[in-house]
Structures are given as C-alpha cells and as structure tokens.
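By convention in this document, chain letters (A, B, ...) are assigned in the order of the sequence lines, proteins followed by strands, and residues within each chain are numbered from 1. No experiment lies behind these values; they were computed from the predicted model shown.
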Amino acid sequence: MLLNDEVKMLKQVPLFAGVSPAKLKLLAFTSERVSYRSGDVLCRQGDAGDAAFVLLSGHADVIVDGPTGQIKVADLEENAIVGEIAILCDVARTATVKAATAVEALRISKENFFKLMSDFPEMTIEVVRVLADRLSQTTVELSEARSRVAELSKR
Amino acid sequence: MLDPNISRYIWTHTKRQQLWVLAVVAASMIPYFLSLNLPKQIVNGPIQGDGFADPAAMQTFMQISFDVPWFGTVSLFDGVQLDRLNTLFALSGVFLLLVIVNGLFKYYINTYKGRLGERLLRRIRFTLVDHILRFPPSTFKRLKGAEISSMVKDEVEPLGGFTGDAFVAPALLGGQAIMALAFIFVQSVPLGLITTALVAVQALIIPRMRRRLLVLGRERQLTARELAGRVSEIVDGINTIHSYDTSNFERADIASRLGRIYKIRFDIYQWKFMVKFINNFLASVTPFLFYSIGGYLALQGQLDIGQLVAVIGAYKDLPGPLKELIDWDQNRQDVQIKYNQVIGQFAVDGLIDPEIQAVSTERADGKLTGPLAAVNLGVTDDTGAVGLDRVNFSLMPGESVAIIGNAGSGADVMAEVMARIVWPTHGQISIGAADLHALPESLSGRSITYAGTDAYFFFGTVRDNLLYGLKHAPITDLVFEGAALTQRQWEKREALWAGNPEFDIHSDWIDFEYQGAADMTALMPSVYAALDAVALTRDMFDLALRSHVNLAEHGDLKAKTVEMRRILRDALTQQDLNGLIEPFEPGTYNTEATVIENLLFGNARTPELMAGAIINNPYFLSLLKQRGLADALFAVGTEIARNAIELFSDLPPDHPFFQQLTFMRADDIPVYSIVLKKLDKSATSVTESDRAMMIRLSFDYIEPRHRFGLLTPELMTRIVDFRTDFHGGLPANLKDAIELYDPEQYMVSGTLLDNMLFGRISQKYRDGVERIYAVAGGVLRDLGIYETLLSIGLDFHIGAGGKRLTSVQRQKLALARALIRRSDFYLFNRPLSALDTRTQEQVLISALKYLRRDGRAPAVAWVISHAKFARLFDRVAVFERGRLVEEGPHAELLQKNGIFKDLISA
C-alpha cells in the first residue's frame, strides 16, 4: 500500500476526516508502517501510551484485564483508530490490542502527532471537534445510563 | 620522605658512582695538563729552534724517568734521539694523541653521568608516584591530577640532567679553571693577576645578575603547571562548558594565562641575553689585556713569545670552564628550586606506611574472621561538616544488611569508611579483633569488596577493567630463556639500581586457583555469569555485533557466521518470522535495501564508490547510461523530489520531521524546487549536474519505507541486471574498491551483525531487532559461538574513564567487577543509581544470588536507593543526620512507627 492509499484510509478515520489531504500525507509519511501477525500484540494494557494505530487492513481485538480474566470489549476493523486517547492525555494504555488476523497498521507516534497539531491549528480544531462530538455523545449515553439506573433503583 | 636538599639527596643515592666518576675526572686531569704544556714545547723547541742551534743537533724524546727521593732517578725508558724536524712531528703526534685521550675521557665521563642522571630520575619519579599511592584519601580533594602528573613527568626532568653534574662538574670545571689559571701564573705572574681579577669580577657579578632569572624561572614553572591543570579541566569539563556556553570564558582564561607565561618567558630571554652580553664582554676584555700588556712585556723582554702564546692558549681554555661553572651554579639553584617546589607538593602528613601496601601473594580468605564493626565511629570532613556521629554498627559474617538513608544521612559515608576509602576521625573500624586501618591492604583490600556510585575505569578494554580487581600480586614466576632472560636480568638490575620494585608486569597477577579456575579460560564462565547478573550481557553482544572483527583471532568464527545466516533464517521461519530479514540474494532486488545498495550489491571500500561520490565515477555513470537506467533513475529522483517538496515545503527548516527525510536536508529543498521548475518548462533545460543530483536522490529510496510507489517490477529487474554487468566489467582500478555481497562469504568490510543477518531487517515489523535478538541468542549457543561473541564484546575499548560506555553500562560494569572478586565482605554504595527502579531491583536480586552461588556466604552491606528494596535483606540499618537511628529486620521495622516507615511511604 502506498502513501496515497494510506491518505485515503486516514481520510475515512473520523478524527482526521476534516484534515486536508496534504497534512494527512505528511502524517502518513512520518508514521511507521507496521505489520502484525495474528495474535501479535499492538499495545499492552498498563504500558505507557506512545503511539496511536490506524488499522489499514485486518482485524484486531480490544481486550481488558477483568477480575475474572481477559474480556474482549471491542472488535476493530479497517480504518479504525486505536490508542489515540493515551497519546492525547498521558495515561497508561487502558486496554490491550491484539491482532485477530494479519494486520497492517500505521503507527502514529505521540511526538509526531503533537508536532502536527501544534504546527497546523486547523488540524487541531478538527481533532477537537471530533473529540467534543464524542464527549457529548458519551455524556448523552451516560445520562441515559444514569436515568436507567435511577429507574431501576426506584423499583 | 625526600631529602629537602637536592645535593644531599643525590649524594645519598649515588655516592659510590659519584666517587668513581670523580676519580676518573681526576685521572683525566693528567693528559689535560700535558696537553696544555705541549704547545709551548712545540713552539719553543722545533719551531723557534731552542736546543737545535746546530742543524745536526738531536734531542732525547720520550724519556720516562722519575726522581724518587732517597733512591735516585728511576729510568723506565731512555728515549730516542730525534732531529729538529722529527721532534716537531713527534711532539705534534703526542699532541694529537693527547687530544684523543682527552676526548675519550670526556666520552666516558659524559656517558657515565648520563646513566647516573637517568637512574636518579627514574628513582625520583617512582618515589613520587609511590607517594601518590600512599597519600591519605583526604589529600586528593585538593589535588589536580594534571598538575601532579606534570610534576612527575616534566618538572623533575632537569633533576636527572643535573645529577651527573652535581659533583663532577664543579670538580672538573673547577679543576680545569684552576689548572689553566695556575698555568698562566707559572708563565707570568702579572698576566696571572690580571686574569684572576677579571675572573673574580665575572664570578661575583654574573651570579648576582642571574638571581632574577631564578625568580622568573620559578614563576614560569608554576604558571606552566597551572596551565596543564586548566587544560585538563577543560577536557574533563567539556560537557559543562558546551552546555553552559562558557567556551569563550575558557578561551579568555587560557589566553590570559598564556599571556602571563609569554611575559615571564620574554623577561627571561631579555635578562638572559643581557647577562650573556656582559659575560661575553668580560671574557673578551681579557685577551685584549693579554695582547696589549703581554705584548708590551714580550717587547720588554720580560716574557718570551712562546710563553705569551701559551698564556693566550691557556686563557682560551679558561672562560669555557668558568662560564660552565657559573652555568652549573645557576642550574643547581634552578634545580633546587624546582625540586623544592615538587617535594613541597608531595610532603603530605599521614602518608600510608609502606608496610601496609607491601606486596603479598598470600590469600586473604579466612584470615579475617569476625564482624566488620564500627565502634563509636565519627567522621568529620575538612570543612568541619559531620558525616557520621558516634555510630556503632556491625556487619556479621554471612548476613546481608540494607543501609538506608536520604542524602546527607551518613549512609554512604558509612559504606566508604568500612571500605577504607574515608578515614574515621573518631572511633575505629575493626574486623574481628584487628583495627581495619592498621591492616595491610593485601588483607583488607581482598577481604572487603567495595563498589560505589561513580566507579573509575582505566583506559583499556572491558575485559581489562572487569579483571582489574583481581590483580593484587605477581603470582607466577615466568621462566625466561636466552635473550629474554638477559633482558629480564637487565630489567631487574636497573630496577634495583633506581630503587624501583622488580615486579614483573607480565606475570600472572590473577590468582586463578583462588578464583576457583585453572586459568583465564576456566575463569570466564563465572565472569560471564557476573555479566548476566548485572544485565550487561546484552550490551556486550551489541558491542560485539557492531564491531569489525579481526577474524584471525577467533578461529572458526568466519565459517560459523556464514553458517549462521541460514540457521538464523530457518529459526525465524520456525517462529513464523521469516519476513523479518530480507536477505541479499544475487538475482533478486532487495526491497528493504536502498536503490544504490541494490545497484552495487556490495560494500564500497574506497570513497570513490561511496554513496556521495559514486555518481561521479566514470565507469559507474557510463554503465548506468548504457543500460538506460540513468533516465529511469532520473525519473524516480524527480518524483521523490516532487513528493518531498509537497510534503515538506510548508515546514520550517529546523522542524524535527526533516529527520524522517533521510535523503534530503531542509536547505536542499529550494535547490530541488528550482530544478523541478526548470524541468516543468522544458525537459531539455536541465543540466548534467541537475540530472546527477536527481539520480543521486533516487539512490536512498526504499519503497516500503518511503512508500511513494516508484519502483516497478520492470525497474527492479533492470537494477538487478545492472548489478551483474557492473560486477562483470569492473575495471582493474576498482577491483578492490568494492566487496560484493556473497551469501557464502564473510564480508570483511561489514560488522559482525551485517554478516550474521546478511540482509536488511524489514521495516514492517515493530521491534524487529528485539525479535531477532531473542531468536539469535539460541542460535549462537547452538553454533558454539555465544562465548566467542561475548569475548569479542569484552575486547571493546571503553575509552578514557570508560566514557565510551553509557552511565548505566558503567555502573553495571563496576558492579560486575566487584562481584567477581572473592571476598568475605561486600560493600555496595548505591551502585545502581543510574538504572531505573525496576532494573535496579532485578540486578540487586541477581547480584545477591550470584554472591551466594556455590554455597558461599559472604556478608553484604548495601546502601540502597529505594526503601522498598530493604525487604530483600536480612537486616536494615537506617541512618539519619550522621547517626544510626533504627536497626533490625525489615518486618520488625515496619511494625514500628519510625523513620523507616516514613522512608517506605515516601
């Protein structure tokens, strides 16, 4: 897969949808193309987050260490981005990501991502917009969940 | 201690030789005097005709007879009868003979003096270094290494030169001067008086004038020494200078010092030549008086011409010795000053008794039993700060104690005192019943092993430094034969003459038997185990793999390395990692390698074929054009330039992203964009050099990395074809300029790693290098070259003070160096502070385990940097403000609400 194809893939990631193709090309160029075999670990829960991954092909599982063992909490497909929270706010990885099939991914390092954001404010605005969307969605879901909890406890 | 008086010091150590050389000098006076008298005989006799009034007159020559009192004349040789001409030749012949004899005497005396001086110099230098080895530790706080070494090396140097002359010169020169003077007196009393008067003036005035020179000389010495000290400070502190931008402050300081030295030296010159002028003047005034007064006397008939010639001849010999005598005196004072300066620096109170450092091949194990204990111990440094205050502490045999405390708590001082690095001010450290500081170092230095935070490493390899702590005494007596024996005997004799020890540096200094090994080879496994314990093995591998190996030293490594290529690939395939290395195959394009690597398919050995210059190589370029690749690569280069400019033209030139742009620098971008613009206008407007620049750009392209999509299968095939033609038609002058990639051959121009991989690590896999390492370790063991590689790693030269290693590696190496010693007590003083906490804990655990291997049970006291490590020890001792405040097992201290608990929770 070539740089231009990677740019097309990035374009489909909501976080980058609003960013100009030229900037995405730079982002792709400065990122690493990595391959994983099925079962390889992209990142491990508890490790410091130093990069985000965009899946270019293949599937990956998101797994969380639960009290009763590992629980699969999500399934990642092409164009999915994972690990972006950890690089935006210095927290440890909240989950383990494991390749379910052979996976091709773009590894966007934290420094490069921040560098791009600080150099190109329009990109930052896009990212903020997407994050705010997510936040409001989460807030809605949370309040729904709360009201459901309240209803349940009333019974 | 060194005698403060240089002459006495020289006399003490060279008495017999000085007496001998004085005797020789005395003997040399006889031919010397004879040679003075002879010119008179020649001039008055055969030349002027004295006693040859009759042409047939003969004279007796070479009659040797003595007048012995009460006995009469003893005649040894009656002599021969010669006429006037023959007498002239005979006397001249005797003159020549005397010249030769005098010359030989001079030659012998000078050689003898030279040897005397060199021996004494060797003695002084050794004594000084011996003193350094015996200085009490506190002395080193105020010493500058470079100043001390400049004293040992340069400042004592003139002492050697002076030694031979210390007694001989005044005797010889004085003798000559007196002889010459006496001779003049014998010829003519008035001329003798004149000469004496002038000599007296010279001897009084010149030394007085030279006194100022001595003062200047001392200043010169001091300033030069300080300069040496400053230069070494600059070297040691170079990082500080760079990071604080103080290089110009240093320049100013050095310039001002050099200015001062220049001024002093120039003053010396001015004064020196002034003195020389006056001296020469006085010396030349005398002949003027001889010619005028002596001539007058001769005219008056009170002096014959022969006498006048002899006086003038004798006087020619007078200023020489006289001047040299004055020079000698000057030199003596100068050397005395230098000597005083040097020994002043080396006169230190509390020098360690030589007995304490006496060499001993006896083993120390079991000699010191009982605890290493501090009794009422106090340490106060030279500023009066209290390091330890009335501490009672003991380290029992076999136990492990964690010593803990914040900075300034005294924990580290405690370890240093027990290791004998710091001396106690009050109380004492005892080991069993003995006072630690009264024990010979051959006992304490072997029973106790210490490793601190900043260990020192000596210039040499990792191996040299690792084994350094085992070299206590020459163990084996090497057997010498033939020339080597003669050489060794000479070494021993000379060492004895110069008061040096006669230890053989080439002997085995490691007591292998004591280390539990027959020889070096048998010792290495335990050394490797220590490297494992401190997690340094991987570093050693890296060093080995990155080195260019001298294959001749390592037997079958060459064949094994070539073999390993295949085995490593098989092992990777087994683990489903076969894409990790893309091997170099002669008929295939290696996509993970650059275009130029694929074109050349070999390592360039000369600059003309290296990436930067190869485009100018006529053979390469013509073949490139011939194959049509010049155009194809020009197109690739153009596309790369377009892509790079599109990507990077918005970024400021210092942007970190430019590091990703491996083939271009930020300031190249405008240059390339100009060429691209030209190209867009018309394809014919680009020059040859523009084309070369674009082709050059294509060379570094790696498709999987840069992903511009520029390499078609067709182009790759053509590049592979080019490779074959390029190798086939290589002109004679380039035959050795390139080493081809051959899967069956070792590449001498590559590192060990290059040779083992024989390919490029794929960009695709993250941590590819780590995965290969994981697999390679097993492969190396199977092939039996694991230890060879470690050994190559140990041969790595660590540079001055170990600066070619990282601080983490240095600390690990220092710990390993301590671990391989067999001691009863081990003291560790935050030895791993440069490591991260997790690795510290791992290393600490494995180090403790290593010390307890084979059922050994040494005592360990470890000043730990994190309180949580305390649980790994039998007992914990907590220090605060120089006092031992808590002591006991870990669990017990946790129960108490004491300082330990604060430290744990901090």
Side-chain angles (χ1 to χ4, degrees), chain A residues 1-10 20-44 46-48 50-53 56-58 83 97 99 102-123, chain B residues 572-582 591-592 636 639-664 666 669 701-712 761-771 774-775 836-838:
Chain A
M1 193 179 289
L2 301 172
L3 214 51
N4 289 332
D5 305 319
E6 288 167 14
V7 173
K8 281 182 204 142
M9 300 288 268
L10 284 177
S20 74
K23 298 293 163 289
L24 286 183
K25 193 168 178 183
L26 189 58
L27 180 66
F29 183 74
T30 54
S31 301
E32 258 177 288
R33 258 292 276 288
V34 283
S35 306
Y36 294 92
R37 294 167 307 162
S38 167
D40 281 353
V41 170
L42 279 70
C43 64
R44 203 175 289 279
D47 283 357
D50 56 349
F53 297 87
L56 300 173
S57 70
V97 179
V103 164
E104 288 271 315
L106 208 53
R107 185 177 179 280
I108 303 168
S109 80
K110 185 172 168 174
E111 298 91 71
N112 286 353
F113 190 63
F114 271 109
K115 201 69 203 156
L116 276 175
M117 294 223 296
S118 61
D119 288 343
F120 304 109
E122 67 273 21
M123 185 174 152
Chain B
L572 287 173
T573 312
Q574 261 178 23
Q575 302 204 10
D576 201 15
L577 286 169
N578 49 346
L580 210 49
I581 301 176
E582 184 158 348
T591 51
E592 298 287 348
V636 170
E639 273 313 298
I640 295 174
R642 275 190 215 290
N643 272 295
I645 288 165
E646 182 198 341
L647 284 170
F648 287 86
S649 54
D650 286 355
L651 295 178
D654 54 350
H655 200 282
F657 280 0
F658 279 106
Q659 285 173 7
Q660 311 259 340
L661 198 62
T662 45
F663 41 77
M664 219 186 248
I669 289 204
Y701 183 72
I702 303 174
E703 179 96 346
R705 174 164 184 180
H706 300 118
R707 316 195 288 278
F708 295 146
L710 302 176
L711 287 184
T712 58
I761 298 176
S762 166
Q763 311 270 336
K764 287 200 295 189
Y765 296 97
R766 182 105 187 112
D767 310 326
V769 181
E770 292 302 317
R771 294 186 199 200
V775 176
D836 61 77
T837 317
R838 207 161 58 117

Look up atom CZ in B:Arg705 and atom CZ in A:Arg33, then write down how far apart they are to the nearest 0.5 Å.
-> 14.0 Å
By ring pair (Phe, Tyr, Trp, His ring centres under 6.0 Å) - contacts of A:Phe53 (at least two apart) | none
Pairwise distance CD(B:Glu646) to CG(A:Leu26) - rounded to 0.5 angstrom = 9.5 Å
Answer yes or no: is there a side-chain heavy-atom contact under 4.5 Å between B:Asn643 and A:Phe29?
-> no
Flag, side chain of B:Arg707 to backbone of A:Ala28, donor-acceptor distance under 3.5 Å | yes
Residues which pass side chain to side chain contact (heavy atoms under 4.5 Å, CB included) with B:Arg642, listed by chain and number, not counting sequence neighbours | B:Thr638, B:Glu639, B:Leu676, B:Leu679, B:Asp680
Heavy-atom side-chain contact between B:His706 and A:Leu3 under 4.5 Å | no
Heavy-atom pair count under 4.5 Å with chain B, highest-scoring of A:Lys25, A:Glu111, A:Arg37 | A:Arg37
